[in-house]
Protein chains: 2
Amino acid sequence: MPLTLEDIARIAGTSRSTVSRVINGDQNVSEATRTKVMDVISKVNFQPNLAARGLAAGHTGILGLVIPMGVSAIFADPFFPLLIQGVSGQCNSRDVSVMLWLAEPEFERRTINNVLYNGLIDGVIIASMLTDDSLVDALRNKSLPFVLVGRHPTDEHIHYVDSDNRSGAYQAVLHMVRMGRKRIACINGPANMIAGMDRARGYRDALKERGISLQPELVVEADFTDPGGYAAMKQLMQYRPDAVFAASDTMAIGAVRAIHELGLRVPEDIAVVGFDDIPMASRITPSLTTVRQPISRIGAIAADTLIDLIENPSDRPQHIILPTELVIRESCGAIHPVRS
Amino acid sequence: MPLTLEDIARIAGTSRSTVSRVINGDQNVSEATRTKVMDVISKVNFQPNLAARGLAAGHTGILGLVIPMGVSAIFADPFFPLLIQGVSGQCNSRDVSVMLWLAEPEFERRTINNVLYNGLIDGVIIASMLTDDSLVDALRNKSLPFVLVGRHPTDEHIHYVDSDNRSGAYQAVLHMVRMGRKRIACINGPANMIAGMDRARGYRDALKERGISLQPELVVEADFTDPGGYAAMKQLMQYRPDAVFAASDTMAIGAVRAIHELGLRVPEDIAVVGFDDIPMASRITPSLTTVRQPISRIGAIAADTLIDLIENPSDRPQHIILPTELVIRESCGAIHPVRS
DNA sequence: CTGAAAGCGCTTACAG
DNA sequence: CTGAAAGCGCTTACAG
């Protein structure tokens, strides 16, 4: 049987209320009693029961993290692991716990709703990134604080943190234009994902700014996976691109494989630029030029934003866009590849 | 304000106790009242407060999942993501929630202990795999049910699920012996990880069975990462191996890169076999022969085992070892590579 | 600065 | 089959 406040109080020779006060850092406790109580607590290694605390106080110090599992191979991409890592790390240092839901599409309506409104979490981070997400819609009408990873396209009142997908893609494509590429293709993410929309816009903006007309056949949509990038590249080959911007490194790696299989060279025949800067990007041959986005930091900031929001519900909507960075390696042709 | 049992009871014209009974599936409720209460519950979309339920009932329907972050690049390897996926999926279908802790080494003593004994979780899955884990030691003296992912080397009373690491490594190495390789090296995982120990034993057992004496200089320890495998392979090259067994695909991929950089061929000059069968294994050139282990299923079974254990605490210790499977591709030389 | 008391929203003997 | 009541372990006005 774990000890309770009452036990601690008895041992320390005080009352349950006072013990509660020292645990919660209430100022109205004399230094003497505080010390005495602290001693007992650390001596017996006392842990207050969080369920009871949650019931009594109305908050639990737990935050939910919901990750959609819509795409089957979601964990083949390091995006979500890194995001989880960022959220978890920040929560650790802020002393809050995280409850994780990998949302299977079939469970969405039933379980997710069940789980979010069960009085156990103080707020929730949704790694949604879909342009229309039923969970987000449900949340908008409730009082549970939440922040999105990935900006919301329409509702200005929703808190979110995202990276600057448009600008990242814009820089990447502009770079290829500057390198003299004329027929720059785009392997984009799904159109119903906001990151996909934004990166496609960056691609279009860069072309437009340089007076290059958009060739619809040079833009193909894939699903952020390696096989998806591979298939998309194969499809693009008939239109003779001399460069390709892939909206994720995983797709870019698939694309490079497709190019190599057809006996062409990267970057000599086709330059390739990816997005994310996953660890693999610097290891493949040729090493991959890519747009680095601070995934783990996005997670950390989302957690911070949510915790602040819970403590201060009247906050103005937070719209945090983190900068991206173009990492130039061999695959774009700007650096002469060192071949062994 | 969310509704409470009392509200539902008033609307349905019955008592709080009865509503609680229908929610918990108690048999002692007439069909008529049950229907009436169910109707109200689904009409107002009622969710019982889990903190209150936890307090009153003594269990919460939440299970903890603790993943060590000791190795910095832990999420570069798909092992943990797949494990999380397996645990989460099974928990979803068993209607229990999961609370996730990525345990930073510095937090271990303070946070982890805090968190495990807070009355909020019914049991915990530890993806420990260290031969000596302070968390596991702490748990052994407590009453919180737990199951390990990765077998415990000494304590027979601990529940665990693991894959057959020894046998997997044994099969892999035996295969290379059969292919005529004479100087088979081993890039092993850290010696303080049980999986590392077991795979090293499989390697030794296969050599011994075939009467090949173990050459200590052909065995090197790395850290399960790609750069680790790369560095280990570079180091091994001076001893002229004609084959190498790497204890993870991620290390095997690093090793292949090292071999290629030195101008040698896989598998002609050096055969390579990995472990895990991560998605990347089938995509690299040459495709990687490897030992497939059912990571996601291990997670699912760990969750199942824990949930059963919570419901029936008197269960005998469960020691579940899942079989592995040798997946033969190009890198071992058994299949003639198709080069483009 | 401190303690007695009410209350958070459930579950579960207990009595009928 | 049903309801009134006690209790789970906390927090937090309230009174002193």
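These numbers come from the heavy atoms of this one structure, side chains and all, not from hydrogens, waters or symmetry mates. Numbers restart at 1 for each chain; the letters A, B, ... are given by sequence-line order, proteins then strands.
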Next item on the list: May I have the distance from L3(A) (atom CG) to dC8(D) (atom C1'), rounded to whole angstrom?
Entry: 16 Å
Margin query: Could you tell me the Watson-Crick or G-U partner of dA4(D), where both distances fall under 3.5 Å? Say none if there is no partner.
Written below: none
Notebook entry, point to check: To the nearest angstrom, how far is R53(A) atom CZ from dT12(D) atom C1'?
Noted result: 13 Å
Margin query: Could you tell me if N45(A) and Q47(A) have a donor-acceptor pair between their side chains, going purely by distance under 3.5 Å?
Written below: yes
Note to self: Measure NE2/H59(B) against P/dG9(D) and give the value in whole Å, please.
What the structure shows: 15 Å
Notebook entry, point to check: For R16(B) and dC1(D), what is the distance between atoms CZ and P respectively, to the nearest whole Å?
Noted result: 22 Å
Next item on the list: Return the nearest nucleotide to the side chain of N49(B); candidates are dT2(C), dC10(C), dA13(C).
Entry: dC10(C)
Margin query: Rounded to whole Å, how long is the line connecting atom CG of D7(B) with atom P of dG9(C)?
Written below: 9 Å
Notebook entry, point to check: Does S15(A) place a side-chain N or O at less than 4.0 Å from the phosphate oxygens OP1/OP2 of dG3(C)?
Noted result: yes
Check: Within less than 4.0 Å of OP1 or OP2 of dG3(C), is there a side-chain N or O belonging to T14(A)?
Finding: yes
Check: Does the side chain of T33(A) get closer than 4.0 angstrom to OP1 or OP2 of dT2(C) through an N or O atom?
Finding: yes
Check: In whole angstroms, how far is the C1' atom of dG9(C) from the CD atom of Q47(B)?
Finding: 14 Å
Checklist line | Audit row: D137(A), K142(A), salt bridge (charged side-chain N to carboxylate O under 4.0 Å, His left out) steps and yes/no | finding: CA-CA 9 Å; D137(A) 282 343; K142(A) 303 283 183 169; over 6 Å; no
Check: What distance, rounded to whole Å, do you find between the two C1' atoms, one in dT12(D) and one in dG16(D)?
Finding: 16 Å
Next item on the list: Check whether any side-chain heavy atom of M99(B) lies under 4.5 Å from a side-chain heavy atom of L100(A), and answer yes or no.
Entry: no
Next item on the list: Select one nucleotide: of dG3(C), dG3(D), dT11(D), the one nearest the side-chain heavy atoms of T18(B).
Entry: dG3(D)
Next item on the list: Quick one: look up who dA13(C) pairs with, Watson-Crick or G-U, both distances under 3.5 Å, and put none if it's unpaired.
Entry: none
Next item on the list: Map Q27(B) and A56(B) onto DNA chain D by nearest heavy atom, then report which one ends up closer to the 5' terminus.
Entry: Q27(B)
Next item on the list: Let me know, please, whether R21(B) or L55(B) comes out on the 5' side of the other along DNA chain C by nearest nucleotide.
Entry: L55(B)
Note to self: In this structure, how many angstroms lie between the P atom of dC8(C) and the CG atom of L120(A), rounded?
What the structure shows: 18 Å
Next item on the list: Sticking with atom P, work out how far dG9(C) lies from dA13(C), rounded to a whole angstrom.
Entry: 23 Å
Check: Nearest of dT2(D), dC10(C), dC10(D) to any side-chain atom of P48(A)?
Finding: dC10(D)
Check: Between dC8(D), dT11(D), dG3(D), which nucleotide gets closest to the side-chain atoms of N24(A)?
Finding: dT11(D)
Next item on the list: Could you tell me whether the phosphate oxygens of dT11(D), OP1 or OP2, come under 4.0 Å of any side-chain nitrogen or oxygen in S20(A)?
Entry: yes
Item checked: Residues R34(A) and D26(A) bridged, charged N to O under 4.0 Å -> no
Check: Rounded to the nearest Å, what distance is computed from the CG atom of residue L50(A) to the C1' atom of nucleotide dC8(D)?
Finding: 15 Å
Item checked: S30(B) side-chain proximity, nearest of dT2(D), dG9(C), dC14(D) -> dT2(D)
Check: Looking just at side-chain N and O atoms, do S17(B) and S20(B) make a donor-acceptor pair shorter than 3.5 Å?
Finding: no
Checklist line | dA4(D) base / S17(B) side chain donor-acceptor hit below 3.5 Å | finding: yes
Item checked: Side chain proximity check, H319(A) to E156(A), heavy atoms < 4.5 angstrom -> yes
